[in-house]
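Written below as structure tokens is the structure these notes are about.
None of these values were measured; they are calculated from a predicted model.
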Amino acid sequence: MLTPDIRHRLWSYMGGIARKNGIFPKCIGGVADHVHLLLALPTTMSVAKAVQLIKTGSFGWIHETFPNLRNFAWQQGYGAFSVGISQVTETINYIEQQVEHHRTRTFKEEYLAFLKKHGGDLDEKYLWG
């Protein structure tokens, strides 16, 4: 649903939501069916609160700005991972290369491989609905 034109505008809007709430967006990107955000959160804010603010604000903006996307909704859940300072540049590069990256691997394939590589022991029935 997120075409290149929408994505470009959406990433900027999400960055604005973040900054308005004291969150520093280091990189935002993604493809038609998902978004990656690299954020530095204030010490007083939980990941859940940051995700809530960004998803709620961007959901409303999408509906107001793109009437043809009235059926758009973010998924209920999200994945959150911490990144060490030495991994920031690599993570930014990864986010910026999402379009090229997902030409050969779906999000689902990538996410399951990531969880397996890092010891995530999750049942797929809890990941995909």
Side-chain angles (χ1 to χ4, degrees):
M1 294 186 104
L2 301 176
T3 64
D5 179 53
I6 293 170
R7 288 193 301 254
H8 177 73
R9 293 174 65 187
L10 178 59
W11 303 165
S12 294
Y13 193 81
M14 292 173 119
I17 294 168
R19 284 186 294 278
K20 178 182 170 188
N21 288 282
I23 302 165
F24 180 72
K26 293 183 175 281
C27 189
I28 300 173
V31 292
D33 65 351
H34 69 278
V35 178
H36 292 272
L37 299 99
L38 180 60
L39 307 169
L41 303 182
T43 58
T44 57
M45 184 178 294
S46 70
V47 172
K49 183 62 176 178
V51 172
Q52 176 194 27
L53 291 166
I54 293 170
K55 286 173 77 171
T56 300
S58 61
F59 171 83
W61 177 81
I62 287 171
H63 282 234
E64 289 175 17
T65 309
F66 303 99
N68 59 318
L69 293 180
R70 295 238 184 262
N71 292 329
F72 175 85
W74 294 117
Q75 71 178 26
Q76 186 175 355
Y78 60 90
F81 307 92
S82 60
V83 175
I85 193 71
S86 65
Q87 299 165 315
V88 168
T89 300
E90 179 182 351
T91 303
I92 290 171
N93 289 336
Y94 168 78
I95 292 170
E96 289 176 342
Q97 299 301 316
Q98 284 296 291
V99 173
E100 293 80 14
H101 179 75
H102 285 295
R103 285 191 179 131
T104 59
R105 190 179 219 184
T106 68
F107 172 71
K108 184 175 181 178
E109 291 167 338
E110 173 189 38
Y111 196 63
L112 291 173
F114 178 86
L115 290 174
K116 184 176 181 180
K117 177 181 176 182
H118 296 285
D121 188 23
L122 296 173
D123 189 324
E124 279 193 58
K125 71 181 177 186
Y126 299 115
L127 295 174
W128 316 117

Please output the side-chain donor-acceptor pairs of residues 56-65 that fall under 3.5 Å, not counting sequence neighbours, one pair per line with the distance.
unit_1: Thr56; atom_1: OG1; unit_2: Gln52; atom_2: O; d: 2.8
unit_1: Ser58; atom_1: OG; unit_2: Ile54; atom_2: O; d: 2.7
unit_1: Ser58; atom_1: OG; unit_2: Lys55; atom_2: O; d: 3.2
unit_1: Ser58; atom_1: OG; unit_2: Trp74; atom_2: NE1; d: 3.0
unit_1: Trp61; atom_1: NE1; unit_2: Thr65; atom_2: OG1; d: 3.2
unit_1: His63; atom_1: NE2; unit_2: Phe72; atom_2: O; d: 2.8
unit_1: Thr65; atom_1: OG1; unit_2: Trp61; atom_2: O; d: 2.7

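- Note that the CZ atom of Phe66 and the CE atom of Met1 stand 12.0 Å from one another [nearest 0.5 Å].
- For Asn93, the side chain to side chain contact (heavy atoms under 4.5 Å, CB included) partners two or more places apart in sequence, or in a different chain, are Thr89, Glu96.
- Under the 4.5 Å side-chain heavy-atom criterion for grouping Ile, Leu, Val, Met, Phe, Trp and Tyr, Ile85 is not connected to Leu39 through any hydrophobic cluster.
- With hydrophobic clusters built from ILVMFWY side chains whose heavy atoms lie under 4.5 angstrom apart, Val31 does not share a cluster with Ile6.
- For Gln87, the side chain to side chain contact (heavy atoms under 4.5 Å, CB included) partners two or more places apart in sequence, or in a different chain, are Val83, Thr91.
- Applying the side-chain hydrogen bond (donor to acceptor under 3.5 Å, both in side chains) rule to Thr106 yields the partners Glu109; only residues at least two apart in sequence or on another chain are considered.
- Considering only residues two or more places apart in sequence or on other chains, Ala80 meets the side chain to side chain contact (heavy atoms under 4.5 Å, CB included) condition with Val47, Tyr78.
- Within the model, atoms CG of Leu2 and CH2 of Trp11 stand 5.5 Å from one another, a figure rounded to the nearest 0.5 Å.
- The side-chain hydrogen bond (donor to acceptor under 3.5 Å, both in side chains) analysis of residues 27-40, with sequence neighbours excluded, yields the pairs His34-His36, His34-Gln98, His34-His102, His36-Gln98.
- Considering only residues two or more places apart in sequence or on other chains, Ser86 meets the side chain to side chain contact (heavy atoms under 4.5 Å, CB included) condition with none of them.
- Linking ILVMFWY residues whenever their side-chain heavy atoms come closer than 4.5 Å, directly or via other members, places Leu41 and Met14 in the same cluster.
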Would you tabulate the side-chain donor-acceptor contacts of residues 20-29 under 3.5 Å, counting partners in other chains and residues two or more places apart, or write 'none'?
unit_1: Asn21; atom_1: ND2; unit_2: Ile17; atom_2: O; d: 2.8

